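Nothing here was measured: the structure is a model prediction, and the numbers come from that model. Throughout, protein chains are lettered first and strands after them, A, B, ... in sequence-line order, and every chain is numbered starting at 1.
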Amino acid sequence: MEPLGDWRRTHWSSEITPALDGTTVTVCGWVHRIRDLGRLVFIVLRDREGVVQITIPKDKVPEHTFEKAKKLIREDVIAVRGKVRFYEKAPNNVEIIANEIRILNKVSPPLPLDPAGDVDADLDTRLNARIIDLRRPQTFAIFRINHIVLQSIREFLTNEGFIEVNTPKIIATATEGGTALFPVSYFGRQAFLAQSPQLYKEELTAALEKVFEIGPVFRAEEHNTTRHLCELVMVDLECAFATADDVMNILERLIAHVFREVKSKCSKELKILNREDLEVPGTPFPRYTYTQVLELLREHGIEIPWGEDLPTPALRKLGEILKGPYFITEWPTESKPFYIKPKDEDPKVSESFDFMWGWLELASGGTRIHNKELLIKRLKEQGLNPKSFEYHLRVFDWGMPPHAGWGLGLARLLMVICNVRNIRECVLFPRDKSRLVP
RNA sequence: GCCCCGGUGGUGUAGCCCGGUUAGCAUGCGGGCCUGUCGAGCCCGCGACCCGGGUUCAAAUCCCGGCCGGGGCGCCA
């Protein structure tokens with residue numbers, strides 16, 4: 001092992017082009033491949049942006065450089081200083097003739113998987129060695145796209161007048177009932193990990209009016225599927241003086257914006273993922289009421305009693321019928337959480353929506369109740385105790401505006417964009433019932 | 001939690017149905033040859049049957065249990 005010293009990268013591998021012929025450069029990265037021909041050694045050096053060939057001819061480089069090159073194995077960390085050479089026989093017509101190599105760190109073999117991708121590995125093996133897995137272009141592409149998705153969401157919502165906020169993830173009581181919570185010990189007191197920023201973001205509309213949060217939520221459900229995790233990142237939005245229709249409109253324009261940005265900024269990544277067919281969806285997205293969806297399913301032989309949630313096989317059938325993005329609106333009030341507003345003219349139906357992509361639910365939202373008495377009534381109807389919500393409910397005495405919002409699962413959106421089947425592919429270090437490490 | 005399928009060198013696999021070979025292949029790692037490779041090539045070597053019990057002269061192979069994994073479903077404001 002040698003120190004980095006005063007060496008700093010002058011170019012990413014992808015920036016080494018024939019136009020730099022004759023220039024001395026310093027590149028840093030990992031030994032991707034070695035082609036040792038005896039007195040001529042080729043090192044393929046890989047960094048985040050790609051690969052570049054380092055050429056070490058015995059009779060043209062210092063003796064110690066040649067000796068070091070001979071000792072390298074795959075994934076050793078090196079820095080190389082040398083002269084760029086335009087050469088037709090080299091990959092991409094360019095290579096670096098190494099003058100000096102610094103071996104910054106050695107690998108301790110065997111590696112748990114092959115970053116060069118010559119040998120396949122199971123998802124489980126890949127997740128157990130996620131850092132190595134992330135060196136594969138296919139894996140990294142997903143998270144580069146994730147970055148652009150996050151960036152474009154922030155850009156769009158900021159332009160729409162929303163303010164990004166952060167709400168507590170350690171909370172005192174069960175916020176909404178429903179999903180199971182992870183208990184934590186908070187200096188001897190019982191606390192929980194937040195399942196949703198729902199109540200906080202609603203309260204914030206009474207001051208900041210238009211807010212969004214991108215953050216983790218925690219759900220202690222023992223589900224075992226390709227679309228559920230116990231820790232997930234939600235994009236949550238809440239908007240004062242607005243209804244479900246208004247926030248659906250924001251959501252569909254946001255989705256189109258995200259797709260547009262990914263398509264224009266991630267063409268390389270989409271190509272790696274075989275997703276060059278990605279299309280920016282046209283707005284507005286189709287809207288179907290819950291009742292219309294039941295009718296549609298009935299036409300395809302699936303009978304679901306009005307009022308019940310849609311089971312997975314029904315969703316899959318729906319995904320065959322409706323391929324792209326769409327909304328399911330006007331869900332039965334009973335099947336939605338207590339804070340969702342029932343329709344004034346027909347309280348059995350709520351001003352709610354799910355945002356779907358094929359069979360996959362990406363987001364849900366609706367108009368919220370801002371009337372305290374109605375909210376208390378709905379709490380009781382859902383079997384919840386209003387006393388547990390007193391800190392939340394008192395805000396409704398302080399001038400709560402009418403408001404609406406939604407929550408969008410970030411990784412599920414990424415699944416759609418990248419066309420991957422398992423949500424674990426779209427989370428760096430996924431947490432599910434059985435996986436707590438790494 | 002339920003159902004189905006699976007578990008063989010570090011990784012990915014063949015063999016299992018129909019029990020008996022030195023458990024095959026690829027990749028990797030170690031050694032050797034090689035000055036234009038580009039998933040370099042060639043030669044030599046290293047390294048594996050998830051755990052426990054049962055059946056049998058004999059188990060990677062058949063049976064039972066456990067653990068782990070994959071898929072489906074359930075659960076999922």
On RNA chain B, does the nearest nucleotide to I34(A) precede the nearest nucleotide to G38(A) from the 5' side, or the other way round? Give the residue.
G38(A)
Measure from CG on D124(A) to P on rG69(B) and round the result to the nearest Å.
6 Å
Determine whether I54(A) and E95(A) make a side-chain contact, defined as any pair of heavy atoms from C-beta on separated by less than 4.5 Å.
no
Of the listed nucleotides rG36(B), rG30(B), rU11(B), the one nearest the side chain of Y87(A)
rG36(B)
Taking donor-acceptor contacts at under 3.5 Å, does the side chain of R85(A) reach the base of rG36(B)?
yes
What integer distance in Å separates D59(A):CG from rG36(B):C1'?
12 Å
State the CE-CG distance between M415(A) and L410(A), to the nearest 0.5 angstrom.
12.0 Å
Taking the side chain of K70(A) as its heavy atoms from C-beta onward, which of rG10(B), rG36(B), rC34(B) lies nearest to it?
rC34(B)
Short N/O separations, protein against nucleotides 24-28 of chain B, under 3.5 angstrom:
from	atom 1	to	atom 2	distance (Å)
rG28(B)	OP1	R74(A)	NH1	3.4

Between V217(A) and K60(A), the residue closer to the 5' end of RNA chain B by nearest nucleotide is K60(A)
Given the options R33(A), R74(A), R126(A), R135(A), D114(A) meets salt bridge (Lys or Arg N to Asp or Glu O under 4.0 Å) only with R74(A)
Among the nucleotides rU13(B), rG72(B), rC75(B), which one has an atom lying closest to any side-chain atom of D122(A)?
rU13(B)
Output a table of nitrogen or oxygen pairs between the protein and nucleotides 1-8 of chain B separated by less than 3.5 Å.
from	atom 1	to	atom 2	distance (Å)
rG1(B)	OP2	K433(A)	NZ	3.0

Charged N to carboxylate O below 4.0 Å: is that the case for E425(A) and R130(A)?
no
Please tell me whether F355(A) and F327(A) form a close aromatic pair, meaning their ring centres lie under 6.0 Å apart.
yes
For the C1' atoms, the ones on rG70(B) and on rG31(B), what distance do you get once it is rounded to whole angstrom?
39 Å
Scan K68(A), R102(A), K71(A) and name whichever one has a salt bridge (Lys or Arg N to Asp or Glu O under 4.0 Å) with E2(A).
K68(A)
Using atom P in both nucleotides, what's the gap between rC5(B) and rC62(B) to the nearest angstrom?
13 Å
In whole angstroms, how far is the P atom of rU37(B) from the CG atom of N92(A)?
16 Å
I'd like to compare against my own output: the B/S/- annotation of nucleotides 44-50 of chain B with a strict under-4.0 Å heavy-atom distance to protein.
-------
Kindly write out the residues that satisfy side chain to side chain contact (heavy atoms under 4.5 Å, CB included) with Q190(A), not counting sequence neighbours, or none if the list is empty.
P183(A), F192(A)
Looking only at rC73(B), rG71(B), rG36(B), the nucleotide nearest the P313(A) side chain is rC73(B)
Could you check whether A90(A) gets within reach of a base, just the sugar-phosphate, or nothing at all, counting any heavy atom under 4.0 Å?
base
Whole Å only: how far is the CD1 atom of I54(A) from the P atom of rU37(B)?
18 Å
Are N422(A) and rG71(B) close enough that a side-chain N or O sits under 4.0 Å from OP1 or OP2?
yes
Should R154(A) and E164(A) count as an ion pair when the cut-off is N to O under 4.0 Å?
yes
My understanding is that only residues two or more places apart in sequence, or in another chain, count here; which of them pass side chain to side chain contact (heavy atoms under 4.5 Å, CB included) with Q292(A)?
Y288(A), T289(A)
Would you say D21(A) and T23(A) are linked by a side-chain donor-acceptor pair, where the criterion is simply a distance under 3.5 Å?
no
Could you state the CG-C1' distance from L127(A) to rG69(B), rounded to the nearest angstrom?
12 Å
Classify E88(A) by what it touches in the nucleic acid, base, sugar-phosphate, or nothing, heavy-atom distance under 4.0 Å.
nothing
In whole Å, what is the span from the NZ atom of K89(A) to the C1' atom of rG36(B)?
6 Å
Base rU37(B) to side chain R35(A), donor-acceptor N/O within 3.5 Å cut-off:
yes
Is the charged tip of R394(A) near the ring of W398(A): under 6.0 Å from the six-membered ring centre and within 45° of its axis?
no
Checking N1-N3 plus N6-O4 or O6-N4 for Watson-Crick, or N1-O2 and O6-N3 for wobble, each under 3.5 Å, the partner of rC73(B) is rG1(B)
Atom CZ of R227(A) and atom C1' of rC73(B): how far apart are they, to the nearest Å?
10 Å
In whole angstrom, what separates I96(A)'s CD1 from rU37(B)'s P?
20 Å
Report the nucleotide, chosen from rG10(B), rU35(B), rU37(B), that has the shortest atom-to-atom distance to any side-chain atom of P57(A).
rU35(B)
Can the positive tip of R85(A) be found less than 6.0 Å from the middle of the six-membered ring of Y87(A), inside 45° of the ring normal?
yes
Is there a side-chain polar atom (N or O) of T312(A) under 4.0 Å from OP1 or OP2 of rG74(B)?
yes
Scan T226(A) against the nucleic acid and name what it touches under 4.0 Å (heavy atoms): base, sugar-phosphate only, or nothing.
sugar-phosphate
Does OP1 or OP2 of rU37(B) have a side-chain N or O of T55(A) closer than 4.0 Å?
no
Looking only at side-chain N and O atoms, does D133(A) offer a donor or acceptor that is under 3.5 Å from a partner on T139(A)?
yes
Under the side-chain hydrogen bond (donor to acceptor under 3.5 Å, both in side chains) test, residues paired with T243(A) that sit two or more places apart
D246(A)
